[in-house]
Amino acid sequence: MTMVQTIREKLTAAFAPQELIVDDDSGKHAGHSGARPGGETHFSVRIVSESFEGASRVERQRRVYAALSAEFKPNGIHALALVTLTPAEMWQEH
């Protein structure tokens, strides 16, 4: 299973998101700190979930990091860019 698949599975189980986009941005970071041959080190995630209602941006990010804690172990995820929204916030963007 790829890291993208693992991230998708874990976040789906933890947050039942209405929208979940996971991008492997590792290719953009080749040669940078934490980058490894073969990639799977740098990711962007956009997640929309009702479970974020009432939580601050920082608390939402903490919850995502907690759900993916095992993936940050040595030789795992090096960087994770997050956009965490509620469904109402998603509609405000449009």
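Along the sequence shown, residues carry numbers from 1.
- The hydrophobic clustering, which links ILVMFWY residues whose side-chain heavy atoms are closer than 4.5 Å, places Trp91 and Leu85 together.
- Note: Lys10 NZ to Ser69 OG = 6.5 Å, rounded to the nearest 0.5 Å.
- Across every non-hydrogen atom of Thr41 and Ser26, the tightest pair is N-OG, 2.8 Å.
- Rounding to the nearest 0.5 Å places NE2 of His78 at 4.5 Å from NE2 of His42.
- Residues Leu68 and Ile7 come closest through the heavy atom pair CD2-CA, 4.1 Å.
- The shortest heavy-atom contact between Ala16 and Ser49 is O-OG, 4.4 Å.
- Remark: the backbone N or O of Ser56 is not paired with any side-chain donor or acceptor of Glu59 at under 3.5 angstrom.
- When hydrophobic clusters are built by joining Ile, Leu, Val, Met, Phe, Trp and Tyr residues whose side-chain heavy atoms come closer than 4.5 Å, directly or via intermediates, Val4 is grouped together with Val45.
- The main-chain N or O of Phe52 is never found under 3.5 Å from a side-chain atom of Arg63 such that the two would form a donor-acceptor pair.
- The only option from Asp23, Asp25, Ile77 that meets the side-chain contact (heavy atoms from CB on, under 4.5 Å) definition with Phe43 turns out to be Ile77.
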Exercise for the section: Take Thr86 and Glu50 through the side chain to side chain contact (heavy atoms under 4.5 Å, CB included) test and state the conclusion after the steps. Expected result: CA-CA 5 Å; Thr86 66; Glu50 289 178 359; over 6 Å; no
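- Proximity of Asp24 to Met3: side-chain heavy atoms (C-beta onward) are nowhere separated by under 4.5 Å.
- Taking every heavy atom of both residues into account, Leu80 and Tyr65 meet most closely at O-OH, 3.3 Å.
- Looking only at distances, a side-chain donor or acceptor of Arg60 sits under 3.5 Å from a matching main-chain atom of Ala55.
- Within the 4.5 Å cutoff, the side chain of Val83 has no heavy atoms near those of the Ile47 side chain.
- Considering all non-hydrogen atoms of both residues, Leu11 and Ala67 come closest at CD2-CB, 4.2 Å.
- The main-chain N or O of Leu20 is found under 3.5 Å from a side-chain atom of Arg8 such that the two form a donor-acceptor pair.
- Contact detail for Thr84 and Gln61: the closest heavy-atom pair is OG1-CG, 4.4 Å.
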Practice task
Could you give me the CA-CA distance, side-chain angles and deciding distance for Arg46 and Val22, then say whether side chain to side chain contact (heavy atoms under 4.5 Å, CB included) is met?
Solution key: CA-CA 7 Å; Arg46 175 185 164 91; Val22 181; over 6 Å; no
